[in-house]
Amino acid sequence: MSTKHSKAAEEFLRNYDKVTRHDQTFWSVRAKRDILAYELKEWEQLREAASNIKKHTITHLADYLEEFERNATANGAIVHWAKDADEYNEIVMQIMQAHNVHKVVKGKSMLTEECHLNSNLIKHGIDVVETDLGERILQLMGLPPSHIIMPAIHITREQVKDNFAQQGILEKNGKMGAESMGVSDKTQLEAEADPTYLTRCARYHLRDNFMEAECGMTGANFAIASTGEIVVCTNEGNADMSTSVPLLHIASVGIEKIIPNYDAMGVFQRLLARHGTGQATTVYTSHFRKPRPEGEFHIILVDNGRSDFLADPEHWQTLKCMRCGACMNTCPVYRRSMGYSYTYFIPGPIGINLGMLKDKDANYHNCSACSLCLSCENVCPVQVDLGTQIYKWRQNLDSIGHADPMKKAMSQGMKILFQNPKIYTTALKFAPIANSLPSFLTGIKLNAWCKYHTMPHFASKSFHEMWKKGEIK
């Protein structure tokens, strides 16, 4: 049974400094997004165009997928189709066994997280090395991503230093890392957990793995139907290293990542980084169309429930999401509860919706992790109505057997109260009596509100009473 979001969040909330840092970090990214948005007069037109392109593409998905396969095959790529995670993992294993792969270097891919690829490869004796710095830090710590774009943003540099020391990365690469910064003694750099120094150490550590790997894996931000190529956007260039050293390249692509052509790519490219990290564009935007000379390029198109999502009349537009993370950056609940509080591997507003589409019984608790402020809808680059969809899920919880009994009882009580004016008026008249009750009654911890707030005082006069007496005009 999954842990409730509220229970998991409560553990995170015990550390006030950590919560504050997490909240401020993501709000600063949201602020950068707003600054860049205001610089473009056509901002809302871009969002509208992106939404319409995605609507068109996913409602004509079969046509565009077939077009992509034809063009990718003509380019020399080998295209595979996987209906679910098991079939996807089986295809990957068949390719790697055919090439006698012992080590694979991976770019960041939430699809591989979704399909539990790493654990499957490790089970078969294949060494898996995440090459995105944040992902590698978490992999060495045995932790999953907490955000889809900035997976390790919750980890402090002191934690990184301690982990690198435990893994022997500082011992093996520390001298080179210090010398590359023009410093002869690395002692002070390690003591201060200098971010540049730690990054240099990680760079040397990863460089060895790039050179040793027989296979490189990437995800894909976009798959262009008209040309049969995939596009990967990174800030570290790790996708380029993963595909330029090993002769074997395997790309994992969710079928919703298909877009029609370069014109569409131009729209999404202007939106992706601005929304995700507050940059005008990513440092690297890499297009992969053909295999390397003497190499192989495999593209695995993965469904894993996406066709079922498309068939849902109320929630199919969730497939428009291009995984920028903007909804998480702005969400007041995510910012104050962190990604690990959610039961689905993708947190935040988009994760709530995707989790419910994937498995309602496992992820229904997440529906409460939303204030319905709709800030996520206001920032979504493809105009997914995320908050509205969460509201719809909430309305259906009773029909799927997951409505909270206490909330049902409270709702019934409120219904009686508001449908009967006499009861309502009487309740208002006597409500101020509660102000005189001792705190051990009003502040009882069984009341979730009282865990972090004091109970509000009732006004001595209600609005209705003041209006009737002419005290408000």
Side-chain angles (χ1 to χ4, degrees), residues 3-37 108 110 113 134-135 137-138 143-157 159-160 235 271-279 318 321-356 363 365-382 384-391 393-394 448-449 451-453:
T3 304
K4 286 185 178 181
H5 176 275
S6 57
K7 292 292 184 183
E10 189 173 5
E11 292 300 315
F12 180 61
L13 287 166
R14 296 183 193 280
N15 190 327
Y16 179 80
D17 291 338
K18 192 172 184 179
V19 172
T20 301
R21 183 176 66 249
H22 194 267
D23 178 27
Q24 292 177 348
T25 296
F26 284 105
W27 184 251
S28 69
V29 179
R30 160 66 203 272
K32 291 177 184 176
R33 174 258 180 207
D34 290 347
I35 292 171
L36 289 174
K108 184 155 64 66
M110 295 308 292
E113 291 283 341
E135 291 278 0
I137 290 168
L138 293 177
L143 296 172
S146 177
H147 187 279
I148 61 175
I149 299 298
M150 297 165 278
I153 198 72
H154 60 293
I155 303 297
T156 65
R157 62 185 186 180
Q159 288 176 289
V160 174
N235 280 327
L271 292 170
L272 179 63
R274 284 179 165 89
H275 280 85
T277 56
Q279 300 168 265
T318 302
C321 172
M322 62 179 186
R323 306 294 193 271
C324 69
C327 60
M328 301 173 200
N329 301 342
T330 196
C331 176
V333 178
Y334 171 83
R335 297 198 326 262
R336 292 170 177 83
S337 65
M338 198 174 72
Y340 295 153
S341 301
Y342 296 78
T343 57
Y344 196 55
F345 78 102
I346 295 177
I350 185 60
I352 296 173
N353 286 292
L354 290 172
M356 289 297 288
N363 300 304
H365 288 305
N366 296 336
C367 291
S368 296
C370 176
S371 66
L372 295 180
C373 67
L374 303 189
S375 181
C376 52
E377 294 189 13
N378 291 331
V379 302
C380 178
V382 288
V384 179
D385 54 339
L386 295 160
T388 301
Q389 289 193 34
I390 294 172
Y391 175 78
W393 286 119
R394 285 185 182 178
W449 174 268
K451 290 182 178 180
Y452 302 104
H453 311 82

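Nothing fancy with the numbering, it's 1 onward along the sequence.
- Side-chain contact between T156 and R21: present, with at least one pair of heavy atoms (C-beta onward) separated by less than 4.5 Å.
- Judged by distance alone, the side chain of K108 and the main-chain N or O of I148 form a donor-acceptor pair under 3.5 Å.
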Step-by-step side chain to side chain contact (heavy atoms under 4.5 Å, CB included) determination, L372 to R394: CA-CA 11 Å; L372 295 180; R394 285 185 182 178; 3.5 Å; yes

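- Atom-to-atom distance recorded for M322:CE and C380:SG is 7.5 Å, nearest 0.5 angstrom.
- Taking CD of Q279 as the start and CG of L36 as the end, the distance is 9.0 Å to the nearest 0.5 Å.
- Atoms NZ and CD, on K4 and E10 in that order, are 11.5 Å from each other to the nearest 0.5 Å.
- A distance of 10.0 Å separates CZ in R335 from NE2 in H22, rounded to the nearest 0.5 Å.
- In this structure, E377 contributes its side chain and G387 its backbone to a donor-acceptor pair below 3.5 Å.
- Listed here is the closest heavy atom pair of S28 and T25: OG-O, 2.5 Å.
- Note on D34 versus R30: salt bridge recorded, some NZ/NE/NH1/NH2 to OD/OE distance being below 4.0 Å.
- The minimum heavy-atom distance linking L138 with P145 is given by the pair CD1-CA, 3.6 Å.
- Contact between C324 and I149 at its shortest, heavy atoms only, is O-CG1, 3.0 Å.
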Show every donor-acceptor pair shorter than 3.5 Å between a side-chain atom in residues 344-355 and any protein atom, with sequence neighbours excluded, or say none if there are none.
from	atom 1	to	atom 2	distance (Å)
N353	OD1	W393	NE1	3.2
N353	ND2	P349	O	3.0
N353	ND2	L386	O	3.3

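- From N366, atom CG reaches atom OG of S6 across 10.0 Å, with rounding to the nearest 0.5 Å.
- With hydrogens and angles disregarded, no donor-acceptor distance shorter than 3.5 Å links the side chain of D385 to the backbone of T388.
- Annotation: side chain of F26 is not in contact with side chain of T330 (no heavy-atom distance under 4.5 Å).
- The shortest heavy-atom contact between G325 and H147 is O-NE2, 3.8 Å.
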Chi angles and distances behind the side-chain hydrogen bond (donor to acceptor under 3.5 Å, both in side chains) call for T343, H365: CA-CA 8 Å; T343 57; H365 288 305; over 6 Å; no

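- In this structure a side-chain-to-backbone donor-acceptor pair under 3.5 Å is present from N329 to G276.
- Going from atom CE of M356 over to atom SG of C367 covers 4.0 Å, rounded to the nearest 0.5 Å.
- Side-chain atoms of E113 and E135, non-hydrogen and from C-beta on, do get closer than 4.5 Å to each other.
- Annotation for G134 and A152: closest pair O-CB, 3.5 Å, computed over non-hydrogen atoms.
- For Y342 against A369, the heavy-atom pair with the smallest separation is CE2-CB, 3.9 Å.
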